[in-house]
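Let me begin by presenting the structure, written as structure tokens, before commenting on it.
This structure is a prediction, so every number in the text was calculated from the model and none was measured. One is the number of the first residue; the rest follow in order along the sequence.
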Amino acid sequence: MPTTGPVQGHNLRARFGTTTTTAAIYAATECSLSLETETTDVNHKDNYSAGVKEIIPTATAWTVSTSGLIYFDAATGVDDIISAQLAKTKVYIDFSTSVTGDVKWSGQAYITSCELNASVGETATYSVTFSGASLLTQSTIA
């Protein structure tokens, strides 16, 4: 049964894997999906003089970002992310709740940034960005 009402932030997760089977990235504290559509101008003399700027969409780029706490004993942790990035592996990523009937966004991506932070007196953290290397698809979780 799909989620009703507002989706709680702790239920929406970034998942990744080197096969189509993905797993939630362990100990994430936040995640985001960003889409950006490039455009091109289609101005001409008939619309320019009227003060109208026309555009058409061209390519769409997308990224998934997540950050969280570092655990070296995690099943799907920062060590797996760094290994995939160093190997320049194209990974599978999805952004979803895992609730049957909910929407899921998924595609293939490269890990384009990964940062580890360790401050005195604080828990070590990571942040990672996955940049889309395929179409981002929207489907319903079965």
- Message: Quick check for you: to the nearest 0.5 Å, what is the distance between T22 atom OG1 and F16 atom CZ?
- Response: 10.0 Å

Output a table of donor-acceptor pairs, distance under 3.5 Å, between side-chain atoms of residues 72-82 and any protein atom two or more places apart or on a different chain; print 'none' if there are none.
residue	atom	partner	partner atom	Å
D80	OD2	G77	N	3.0

- Query: In terms of side-chain heavy atoms, does T89 have a donor or acceptor partner in T18 at a distance below 3.5 Å?
  - Reply: no

- Heavy-atom closest contact (Y26 atom, Y126 atom, distance): O-OH, 3.5 Å

- Note on the structure: One should read off an interatomic distance between L116 CG and I70 CD1, to the nearest 0.5 angstrom, of 4.5 Å

- Task: Check whether any side-chain heavy atom of S34 lies under 4.5 Å from a side-chain heavy atom of W62, and answer yes or no.
- Result: no

- Message: Does any part of the side chain of F95, heavy atoms only, come nearer than 4.5 Å to the side chain of L12, both counted from C-beta?
- Response: yes

- Same apolar cluster (I L V M F W Y, side chains within < 4.5 Å links), V64/Y92: no

- Side chains of N11 and T97: donor-acceptor distance under 3.5 Å anywhere? no

- Query: Distance-only, no hydrogens or angles: does the E30 side chain make a donor-acceptor pair with backbone N or O of S67 under 3.5 Å?
  - Reply: yes

- Item | Spacing of OG1 belonging to T66 relative to CZ belonging to F130, to within rounding of 0.5 Å | 7.5 Å

- Query: Does any pair with a residue in residues 130-142 pass side chain to side chain donor-acceptor pair (under 3.5 Å), and if so which ones, sequence neighbours excluded?
  - Reply: W105-Q138, S106-T137, T112-S131

- Message: For G107 versus L136, what's the shortest heavy-atom pair and its separation?
- Response: N-CD1, 4.4 Å

- Could you state the interatomic distance from NZ (K53) to OG1 (T39), rounded to the nearest 0.5 Å? 7.0 Å

- Message: Using every non-hydrogen atom in the two residues, find where K90 and Y110 come nearest and quote the distance to one decimal.
- Response: CE-OH, 3.4 Å

- Item | Euclidean distance, L33 CG relative to S65 OG, rounded to 0.5 Å | 9.0 Å

- Roughly how far, to the nearest 0.5 Å, is CG of L35 from OG1 of T60? 7.0 Å

- Minimum-distance pair of heavy atoms, taken over all atoms of C31 and A14: SG-N, 4.0 Å

- Please lay out, stage by stage, how I141 and V99 fare under the test side chain to side chain contact (heavy atoms under 4.5 Å, CB included). CA-CA 7 Å; I141 299 169; V99 174; 5.6 Å; no

- Start with the C-alpha distance between T63 and T129, add both sets of side-chain angles, then the distance that settles side chain to side chain donor-acceptor pair (under 3.5 Å), and finish with yes or no. CA-CA 7 Å; T63 60; T129 300; over 6 Å; no

- Item | Residue pair T29 / L69, side-chain heavy-atom distance below 4.5 Å | yes

- hydrophobic_cluster_shared for V7 and M1, side chain cutoff 4.5 Å: no

- List, by chain and number, the other hydrophobic cluster members for L135, where Ile, Leu, Val, Met, Phe, Trp and Tyr join if side-chain heavy atoms come within less than 4.5 Å, directly or indirectly. none

- Task: Might you work through the side chain to side chain contact (heavy atoms under 4.5 Å, CB included) test for V128 and I111, ending with a clear yes or no?
- Result: CA-CA 7 Å; V128 61; I111 301 161; 3.6 Å; yes

- Message: Let's go through S96 and R15 carefully: what are the C-alpha distance in whole Å and the side-chain angles of both, what is the deciding distance for side chain to side chain contact (heavy atoms under 4.5 Å, CB included) to 0.1 Å, and is it a yes or a no?
- Response: CA-CA 8 Å; S96 68; R15 295 169 171 74; 3.4 Å; yes

- Nearest heavy-atom contact between T37 and P57 is CG2-CB, 3.7 Å

